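Here the structure is laid out as structure tokens; the discussion comes afterwards.
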Amino acid sequence: MIDLKGKSAVVTGGSRGIGRACALRLAQAGASVAILDRTDWKTPETESCSGQIRRSGGTAVSYELDVSDSAQVDAVFERIAADRGIDILVNNAGVLHAGSATETTDEVWRNQFAINVDGTFFCTRAALRAMLDEGSGGKIINVASISGLRANPGFAAYCASKAAIVNFTRQVGIDYGAQGINVNGVAPGFVETEMTAIYPPEIRAALEGQTPNGKWASPDHIADAVLFLASSLSDHICGEIVAVDGGWLVGTPVVVPAGTSGTVE
Ligand SMILES: NC(=O)c1ccc[n+]([C@@H]2O[C@H](COP(=O)([O-])OP(=O)(O)OC[C@H]3O[C@@H](n4cnc5c(N)ncnc54)[C@H](O)[C@@H]3O)[C@@H](O)[C@H]2O)c1
């Protein structure tokens, strides 16, 4: 049982999808959670994530901010650090632009990097400052992607942005390990969220077929790995990227005709 009582966590993009699942997991483990998002998503059927945590007896606050705005990020992190300290940061906020290199405009490229890469950098820097001031270590978990570790056809800007997050994670991971701050990442495969609602059913089925365990992830699968990396169970892991992808990066299933067997010499 992972116990995060007394810990203060910040989750960017934490009001829906993978970020919401992470915020709920961390709160279930006892952490107080600050949810940072460009808007506090709720629908007639679904209450806000912070509201759900508070109704379940946990502690949560939410702030509306754009992670690509460093002044906003610094101001919110300073406030959270002063109010409750910062022990855990999950850099999850992100957007997905589809398009090959020739289909990608300057504006799309810059927006992709502003949110995914600049946002991760601004929040990491602000959290590191708070953690170093407090002097009691910390955990930073970056939500990268399998698209940061392998090429993904038709997603030029997105793949480049996630690859930047992967190596930023490794670099920061080795710079701050000695201060007791573990910086690691997760690389989700295909996850059921608003972001992947763009995939038509035939593409979905094809992607399932390429995944060794034959399934897409739920946001909870990713949150379970994030919870592990946010806990003391990960104290000796620095700058690592954990794939949560049903085996996709390890190998794509190859269909071998029935009856094929024997030795080739
Ligand atoms: N869904 C997948 O299959 C998948 C796979 C690999 C990686 N990821 C990554 O996981 C993360 C979460 O994705 P998701 O699938 O839950 O998508 P999502 O679109 O449901 O959630 C993204 C969240 O980020 C927030 N956000 C976007 N821009 C922001 C900004 N400028 N400032 C603050 N918040 C902002 C959104 O409001 C939203 O709440 C992303 O980084 C994404 O790239 C997703």
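Each ligand, and each atom within it, is numbered from 1 in the order the structure gives. Keep in mind it's a predicted model, so treat the numbers as computed, not measured.
Exactly one residue among N92, L128, V90, V73 makes a side-chain contact (heavy atoms from CB on, under 4.5 Å) with C123. That residue is V73. When each of K42, R55, R20 is tested with E47 by the rule salt bridge (charged side-chain N to carboxylate O under 4.0 Å, His left out), just one qualifies, namely R55.
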Review item, side-chain donor-acceptor pairs of residues 257-265, under 3.5 Å, at least two apart:
| from | atom 1 | to | atom 2 | distance (Å) |
| --- | --- | --- | --- | --- |
| T260 | OG1 | P257 | O | 2.6 |

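Between T124 and N142, some side-chain heavy-atom pair lies under the 4.5 Å cut-off. A 4.5 Å side-chain heavy-atom check between S62 and D37 finds every atom pair outside the cut-off.
Near ligand 1, residues G13, R16, G17, I18, D37, R38, W41, L65, D66, V67, N92, A93, G94, V95, I115, V143, A144, S145, Y158, K162, P188, G189, F190, V191, T193, E194, M195, T196 each place a heavy atom inside the 4.0 Å sphere around the ligand atoms.
Between R204 and E192 there is a salt bridge, since a side-chain N of the basic residue sits under 4.0 Å from a carboxylate O of the acidic one.
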